[in-house]
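Remember, predicted model here, so these are calculated numbers, not experimental data. Below, read A as the first sequence line, B as the second, and so on, with proteins coming before strands; counting in each chain starts at 1. Basis for what follows: all heavy atoms, side chains included, without hydrogens, waters or symmetry-related copies.
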Protein chains: 2
Amino acid sequence: MGKTAGLDRNDVVTAALDLVEREGPGALTMRRLATDLAVATPTIYWHAGSRDELVAEVVRAQSRRFAERPVEGTTPRARVLSAAMNMYLGSIEHRAITSLAHQSGTASVLAHPLEVAIVAELEAAGLTGEACAEASRAILMAITGALVLALRDPSRIPAEHRPANLWAGSDAAVSAETRAALGAEADLDAIARTTISAVVDHFVPARARSRRGAA
Amino acid sequence: MGKTAGLDRNDVVTAALDLVEREGPGALTMRRLATDLAVATPTIYWHAGSRDELVAEVVRAQSRRFAERPVEGTTPRARVLSAAMNMYLGSIEHRAITSLAHQSGTASVLAHPLEVAIVAELEAAGLTGEACAEASRAILMAITGALVLALRDPSRIPAEHRPANLWAGSDAAVSAETRAALGAEADLDAIARTTISAVVDHFVPARARSRRGAA
DNA sequence: ACCTGAACACCGTTCAAGT
DNA sequence: ACCTGAACACCGTTCAAGT
C-alpha cells in the first residue's frame with residue numbers, strides 16, 4: 001500500500017529522537033525507525049540521506065531544545081560554575097542523546113548552546129579572546145570527563161572490571177585504607193562539581209576585573 | 001587442510017592487539033582477525049570466547065605493557081602531575097587501544113596501572129583514604145576529558161561541525177574577538193596539562209604534610 | 001582438543017521499479 | 001516527488017560435522 005505516507009524529514013528526525021530517548025542510542029537502526037514510522041526502510045534514506053546525517057540532525061534538534069537554563073550566582077566564579085553545571089546536568093538529563101552524540105563525534109554540536117552560555121559568563125568575568133578560549137576549553141575538558149565517567153553504563157561493565165575488584169587486588173604501592181575507599185561507590189555528581197569548580201577557579205579571578213554593560 | 005593450526009589464546013590476543021594498533025579499533029572484526037591468522041572464523045571463538053571477551057583481553061594485555069613510566073619532580077604537586085601526565089601521554093601514544101577501551105567500557109582496566117602510580121604519589125603527598133580517593137577520581141575526570149577531546153578523529157567530523165564553523169555563526173552573546181579565538185586550532189596537550197594541573201593543585205597542598213619512608 | 005562450512009539474525013546502503 | 005521489494009556486502013554468533 002502507501003503511495004504516499006505523508007512523511008516529512010522533520011517527522012523522521014523527531015521519531016528518531018523519541019526512539020533514542022525511550023530506548024537508548026543502540027535502538028536507533030534504520031530498520032527499527034522505519035518500522036516505528038510504518039514505512040519501508042529505504043523511505044528513511046529518501047528523507048534523511050544516511051544514518052550519519054540523521055544522527056547529526058537528531059543531535060542538532062536536541063541541541064536547540066536545551067538552550068535556555070538560567071545561570072545563577074552573583075560572583076563571576078559562581079556564575080561560570082553555574083553555566084558549566086548547566087551543561088553537565090543538562091547532558092545527564094538527556095543521557096541517551098548525549099551518548100549518541102559522543103559516539104558519533106557530534107558532542108560539540110550538542111553542547112554548543114550551553115557552551116555559548118559559559119563563554120558569555122567568562123566574558124562577563126573579564127576574560128576575552130585567547131584567554132577566554134583557553135579557559136572555556138579547559139572547562140569543557142573537565143565537563144567532558146565528568147560526563148564520560150557519569151554516563152558509563154554500569155550494567156555493561158563485567159563485575160571483574162569494577163573498581164571494587166580492580167582495587168581489591170594487592171597493589172603493593174597503595175595502603176589498604178585507600179584501596180577500600182577507591183573500591184567503594186563514588187558520588188560522581190559531587191566530584192564533577194568539585195573538579196569543574198577547581199578548573200573554573202583557576203581561570204576566573206575571585207573578583208571581576210571589569211564590568212560590562214549590555215553592549 | 002588444518003587439522004590443527006597450533007593456535008593459542010595468547011596468539012589470538014596478540015594478533016588482535018597488533019591489528020588494532022596498526023589499523024585502528026574499527027579493523028578488529030572476528031572475520032578479519034581470522035583471516036590475519038589464516039584460520040576460519042569460529043576458531044577465534046573457540047580460543048577467545050566472544051568479541052567482548054577478546055577486547056577485554058586485548059585491553060588487559062596493553063594495560064600490562066605500560067606499567068612503568070618514571071614519575072618525575074621533587075615537590076608533591078609536580079610528582080602527582082607527572083604521574084597524571086604519564087597516564088594522559090601514555091594513552092595518547094596508544095590511541096587506538098585507548099579508543100577501543102573507551103568504546104567497550106574497559107577504560108578503567110586499561111588505565112589501572114597508571115592510576116595506581118597517581119594514587120601512590122597522592123599518598124606520598126599525605127592524602128589517604130577517602131580524601132585520596134576523591135582526589136584521584138577528580139584527576140581521572142580531568143584526564144578522561146582531555147583524552148576524549150584529544151582523541152576525537154578530526155577526519156570523522158564534517159566541516160560544518162568543526163569549531164571554526166560553529167563559532168562563526170552570529171552568537172550574539174560572544175564578542176567577535178573571542179569567537180575568532182574559539183574557532184582557531186587549539187593546543188590540546190597544553191590545555192590538558194593546564195587543566196590537570198589545576199585539579200591537582202586543588203587537592204595537593206603546595207608542601208607535603210608528612211614524609212613517608214619506603215615502608 | 002581443535003578446527004571448519006554453512007547457516008542465522010542482524011546491520012547500513014543501493015537501486016530498479018512502481019505510483 | 002515519494003515509496004517499495006529485493007538485493008549486496010558486511011557484522012557477531014552458533015552448531016553440526018570433521019580429524
[X] [atom1] - [N] [atom2] separation (whole Å):
X       : N      : atom1 : atom2 : result
B/Arg51 : D/dT13 : CZ    : P     : 8 Å
B/Arg32 : D/dA9  : CZ    : C1'   : 16 Å
A/Trp46 : C/dG12 : CH2   : P     : 21 Å
A/Asp8  : D/dA1  : CG    : P     : 16 Å
B/Leu54 : D/dC11 : CG    : P     : 15 Å
A/Leu33 : C/dT13 : CG    : P     : 13 Å
B/Asp52 : D/dT13 : CG    : C1'   : 12 Å
B/Tyr45 : D/dC15 : OH    : P     : 13 Å

Item to check | side-chain N/O A/His47 vs D/dA1 OP1/OP2, d < 4.0 Å | outcome: no

Would you say [X] and [Y] make side-chain contact, with heavy atoms under 4.5 Å?
X        : Y        : answer
B/His102 : A/His102 : no
A/Phe66  : A/Glu93  : no
A/Leu122 : A/Phe203 : no

Next on the checklist: Using only atom types and a distance under 3.5 Å, with no angle test, would you say the side chain of A/Arg162 pairs donor to acceptor with the backbone of A/Pro154?
Outcome noted: yes

Checklist entry - So, the side chain of A/Arg79 versus the backbone of A/Glu121: is there a donor-acceptor pair under 3.5 Å, distance only? => result no

Among [options], which is the nearest nucleotide to the side chain of [X]?
X       : options               : answer
A/Pro42 : C/dC15, C/dG5, C/dC11 : C/dC15
A/Leu7  : C/dT13, D/dG12, D/dC3 : D/dC3
B/Ala40 : C/dG5, D/dC11, C/dC15 : C/dG5

Next on the checklist: If you assign each of A/Arg31 and B/Met30 to its closest nucleotide in DNA chain D, which residue comes earlier from the 5' end?
Outcome noted: A/Arg31

Checklist entry - Considering every strand shown, what is the Watson-Crick or G-U wobble mate of D/dT19 when both distances are under 3.5 Å? => result C/dA1

Item to check | D/dA6: pairing nucleotide in any strand, Watson-Crick or G-U under 3.5 angstrom | outcome: C/dT14

